[in-house]
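Every heavy atom of this structure was used, including side-chain atoms; hydrogens, water molecules and symmetry mates were not. Quick caveat, the model's predicted, so the values are computed rather than measured.
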Amino acid sequence: MKMSKNEINKQLNIVSSLINDGEFDDALNILNSLENQNPNNSYIQFNKVGLLIDIGYGLRDKKMIENAIGEGEYNLKGIKDKKYLAIMNYNLANGYLSLFNLIERNRIYAFAKSDNLQKSKSKFRDTVKIFNNYDNEFKKQVLVNYGNCLDTIGRTLEALYVYDKALKLDKNFSMAVGNRAQALAFFADISGEYRGAMYLEAYQELKSVINNEDIISIGGISAKKSFEGQLKEIESMFKDKSVLDKKIEHPEYDKLGLSKFEKFYIDFCVKEKLFLNFHIHKDNCESSIVDPIFISLIIDINDNKTFYRLSKYINQIKEDYAVARLLLVQSQYRIEELDSISKRTTLINTLDYSQFNLYVGLLKSAFKEACDILDKIAFFINDYFCLGLPERRIYFTSIWEKDNEIRIEILESDNISLYALYDIYKDIKSNYYKKIKDIRNAITHRKLVVYDSVLTNWDTKEDKVNIGYDTFLNESLNVFQLVKSAIIYLINFVNIEENKKRGNGLVAPMIADDSQFL
């Protein structure tokens, strides 16, 4: 006799509980029995994909995961309901990530060359696009796992942003708190004077959730073991264990003496996370509103050229970013002086609610200036690795591959932050950033017409030369988040490379002058 949907659900919940408890053989037996009792039941067939992926990973059974993915990909073609489509994409994303972790993670160059990682990232993004019909329970889990995927690829700063989105849905979600803490620990070693504070914050966040039941019920035994391992690692760094429970103070930045514009500038940049620093755990203190990050090189004591030569690239990148950021903020700051200056230029009202004025022009310039920074990152990498590309051929999209294969210098670096930059290139190549590319090309080579978002419906349309203002502003903020991440990955890539040179010899510090000619 066939079982009711409620009875089937009870059995599926038992399977899930057994998986979380690490009882994978028992979970598989009950799932197989359930399927045998209810042959060709579409509800069971739909749910078993995700369950078999989890069981296969627990049993270290590559074939089981691959078969589940194959079945899921086949079923995906016939799903029209966005709700079910989101679940299947999510299960497949987890499946590809599980395959990577099971069979590729320890392989040489896997992080740069894995198709499974790319497929996982793509499926998570497909899920995020359509998961709004679901409740927060599902959405926060999707975001955490998507963040885990980005973190695995090396795009840890962007992973932090995704964890923060999950925490906005539920500030007490243990998996988001724990994974965010582990990402903070990654940045701690490269954060200079903030190193201790970031490790302490990561430790305290992990400590706050380590005994929560939802770690095992959602992440399983492996998640708890991972968090426990990170706790022990941080504990081993501190001789005085009492420090671990010390409350960390982050005094809010001082607004006294700031002009109206400077206050607006800082508040806007804090809100949108636009400052370049590793003080990424708190946004509203003095240390978080400056751009101190820079490369550190280990060079021969008689080499007076290399550091300054490479510093000019970083100076240009940071200067361009600071100027682009200023243009972005100015585009949002309405004052009579700029109104008056804008009116000195004759611009025709075309009677269709399109907007041409100084503020829109500032936003267009900010967008373009930010995009151009990626090419300057390419120039730095070409010089640093002595790739030998002629200047006329250096673009962010031209340096990574040779004869359609990743360049050997990039591949053999075994540098996770360089792989993160390579992954950004792969996203550009795959047209994930097509909207950004279209906007940049329109601004640079043709025209971009920006329309009032209240009075028109251009925000809902796809067009290469016409766009709603709200969409344009959102895409501009996306560009800045991407470029900021790329700059930080660049700095960290250099730091990782230079640390390989340390050896056991004495490294004497060199003081660099950072005064500006103002």
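Classified by interplanar angle (parallel below 30°, tilted 30° to 60°, perpendicular above 60°), the ring pair Phe131/Phe138 is perpendicular.
With a 6.0 Å radius and a threshold of 12 heavy atoms from other residues, nucleotides or ligands, Lys461 has its NZ atom above the threshold. More than 12 heavy atoms of other shown residues, nucleotides or ligands fall within 6.0 angstrom of atom NZ in Lys255.
Outside the 6.0 Å centre-distance limit, the rings of Phe111 and Tyr419 are not counted as a close aromatic pair. Taking the six-membered ring for Trp and the full ring otherwise, Tyr203 and Phe238 have centroids separated by 6.0 Å or more. Checked against a 6.0 Å centroid threshold, the rings of Phe493 and Phe385 count as neighbours. Side-chain rings of Phe396 and Tyr425 stay apart, their centers remaining 6.0 Å or farther from each other. You'll find the ring centres of Tyr333 and Phe268 outside the 6.0 Å limit.
A donor-acceptor contact closer than 3.5 angstrom is absent between the side chains of Asn101 and Tyr96.
A salt bridge between Arg334 and Asp339 is present, with a side-chain N of the basic residue lying under 4.0 Å from a carboxylate O of the acidic one.
Screening Thr460, Thr471, Asp459 against Ser453 for a side chain to side chain donor-acceptor pair (under 3.5 Å) leaves a single residue, Asp459.
Nearest heavy-atom pair across Ser365 and Leu327 is CB-CD1, 3.9 Å. When every heavy atom of Lys435 is checked against every heavy atom of Ile467, the shortest pair comes out as CE-CD1, 4.0 Å.
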